Amino acid sequence: MNKKTIRAAIIEDELPAARLLQGMLKELRPEWDILLLPGTVEESVQWFAANPHPDLLFLDIQLTDGLSFYFIEQAQPESMIVFTTAYDEYAVRAFTVNSIDYLLKPIHRERLADALLKFERLTAPRIRQQNSLLDMPELLRALAEHQASAYRTRFLVNGARNLYTLAVDEVCYFYSEEKVTFAVTADRRTHIIDLPLAKLEEQLDPKRFFRVSRQFILSANCIRDLEPYFNGKMVVHVTPPFDGSIQVSRERVAALKLWLNS
């Protein structure tokens, strides 16, 4: 049986960036088929509906006609996904439901090589078992199960007189103020967490927690409603109430809605 050729595709709305990534991929994996797909949500959805899905997809977050989350919602790609983005690392964590990695622009060859190795480690068992088509949904499920087991379940908190444990399930939201991270629980108690918000975000299950801004990470169970605000922004109301305004930027609103509707 002939060895299956890996097919990788790139969805990127800037043609020079797409060609640069394609060139690096051809250098690192000359035996792969590398496809350049349209850099719009609409055209990419049409392509995925008419063609076999690639094994690996490099997906830009901001496409010509909208965010790539709309593409994911409509196309339901079976591919493993590597996001390519100019966004800060903190913003990307919420987007990695089906992704195996992300690459910050400008993309460096070393980081790209790391992403390819991660893809190959995840697919190697299946390739060894049967040298045929990769069962991507099964691999994604296995990846999700592995990630779920790695998320934080509790904190050890320094109280006024003693140490105590706080279960992640009890937390309604986290917020940062003057470089201190606080966790608020349903009983309106506030607990100091000895982690910066960026590190904390990496340890929380993205299906349950969403970072709406640099200052806040919210639990889906404690979001009461969303209120439209100026310039496409939204204000999130939570339970228990926060003494202040929790605003979501226009760029983050689409991702938040998609997450809440997942």
Side-chain angles (χ1 to χ4, degrees), residues 83 85 87-102 104 114 118 141-230 233-253 255-262:
F83 281 113
T85 175
Y87 290 97
D88 291 336
E89 178 176 349
Y90 86 90
V92 180
R93 281 294 177 182
F95 308 154
T96 57
V97 177
N98 281 350
S99 70
I100 61 169
D101 208 343
Y102 63 89
L104 289 175
D114 288 342
K118 183 182 291 187
R141 283 194 297 271
L143 175 62
E145 290 172 1
H146 170 73
Q147 289 177 331
S149 65
Y151 295 126
R152 179 182 282 273
T153 59
R154 60 184 176 271
F155 303 95
L156 184 63
V157 181
N158 279 298
R161 298 182 179 179
N162 57 358
L163 298 172
Y164 62 92
T165 58
L166 174 66
V168 170
D169 290 344
E170 298 179 39
V171 179
C172 290
Y173 52 89
F174 301 89
Y175 70 94
S176 178
E177 191 172 89
E178 297 183 355
K179 298 184 178 180
V180 179
T181 301
F182 301 91
V184 178
T185 48
D187 57 6
R188 298 176 182 252
R189 293 180 61 194
T190 300
H191 313 262
I192 295 178
I193 304 299
D194 190 24
L195 282 172
L197 221 57
K199 288 294 183 184
L200 176 62
E201 181 184 12
E202 296 175 357
Q203 301 177 21
L204 297 173
D205 185 348
K207 292 183 179 180
R208 298 172 54 196
F209 291 93
F210 187 92
R211 188 165 186 178
V212 297
S213 69
R214 290 183 181 271
Q215 189 183 2
F216 294 95
I217 297 177
L218 309 181
S219 166
N221 296 332
C222 298
I223 293 178
R224 194 175 79 238
D225 56 52
L226 308 178
E227 177 186 349
Y229 197 58
F230 298 108
K233 298 179 181 179
M234 299 204 84
V235 173
V236 183
H237 299 287
V238 294
T239 302
F242 177 75
D243 185 19
S245 178
I246 303 178
Q247 296 183 19
V248 186
S249 68
R250 180 177 58 187
E251 294 77 16
R252 300 285 287 155
V253 165
L256 174 60
K257 289 181 177 179
L258 181 63
W259 177 72
L260 287 171
N261 198 39
S262 63

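The shown structure was predicted, so the numbers you read here are calculated from the model rather than taken from an experiment.
- Residues R188 and P240 share a closest heavy-atom pair of CG-CB, 3.6 Å.
- Once rounded to the nearest 0.5 Å, the distance linking CG of L166 with CD1 of I193 reads 5.5 Å.
- Side-chain contact between I192 and N158 is absent, with no heavy atoms from C-beta onward closer than 4.5 Å.
- Looking at every heavy atom in both residues, C172 comes nearest to A186 through SG-N, 3.7 Å.
- Side-chain contact check for R214 versus L197: every heavy-atom pair is 4.5 Å or farther apart.
- One finds the CZ atom of F83 at 11.5 Å from the CD1 atom of I100 (value rounded to the nearest 0.5 Å).
- No donor-acceptor pair closer than 3.5 Å links the side chain of Y229 to the backbone N or O of S249.
- Atom CG of D194 is separated from atom CG of L200 by 11.0 Å, given to the nearest 0.5 angstrom.
- Listed for the T165 side chain is no donor-acceptor partner under 3.5 Å among the backbone atoms of F155.
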Applying ring-ring contact (aromatic ring centres under 6.0 Å, His included) to H237 and F242, what does each step give before you reach the verdict? CA-CA 8 Å; H237 299 287; F242 177 75; over 10 Å; no

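- In terms of modelled atom types and a separation under 3.5 Å, the side chain of K233 and the main chain of Q247 share no donor-acceptor contact.
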Report the C-alpha distance between L226 and L260 in whole Å, list the side-chain angles of each, state the deciding distance to 0.1 Å, and finish with yes or no for side chain to side chain contact (heavy atoms under 4.5 Å, CB included). CA-CA 11 Å; L226 308 178; L260 287 171; 3.9 Å; yes

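- If you take CD on E170 and CG on D187, they are separated by 7.5 Å, rounding to the nearest 0.5 Å.
- Here the side chains of L218 and F210 are not in contact, with every heavy-atom distance at 4.5 Å or above.
- Here Q215 contributes atom CD and T181 contributes atom OG1; the two are 10.5 Å apart, rounded to the nearest 0.5 Å.
- With R252 contributing its side chain and A255 its backbone, the two residues share no donor-acceptor pair below 3.5 Å.
- Between F209 and F174, the ring centre distance stays below 6.0 Å.
- A salt bridge between D205 and R152 is absent, with no side-chain N of the basic residue lying under 4.0 Å from a carboxylate O of the acidic one.
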Test side chain to side chain contact (heavy atoms under 4.5 Å, CB included) on Q203 and L195 and set out the steps. CA-CA 10 Å; Q203 301 177 21; L195 282 172; 3.7 Å; yes

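- Around the CZ atom of R250, the shell of radius 6.0 Å holds no more than 12 heavy atoms that belong to other residues, nucleotides or ligands.
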Decide side chain to side chain contact (heavy atoms under 4.5 Å, CB included) for V171 and I217; before the verdict, give the C-alpha distance in whole Å, the side-chain angles of both, and the deciding distance to 0.1 Å. CA-CA 10 Å; V171 179; I217 297 177; over 6 Å; no

Quick one: do V235 and V248 satisfy side chain to side chain contact (heavy atoms under 4.5 Å, CB included)? Show the steps, please. CA-CA 6 Å; V235 173; V248 186; over 6 Å; no

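- With a 4.5 Å cut-off on side-chain heavy atoms, E177 and F182 count as touching.
- Between the W259 side chain and the P206 main chain, a donor and an acceptor come within less than 3.5 Å of each other.
- The neighbour count for R154 CZ, taken as heavy atoms of other residues, nucleotides or ligands under 6.0 Å away, does not exceed 12.
- Considering OH of Y175 and CD1 of I246, their distance stands at 10.0 Å, rounded to 0.5 Å.
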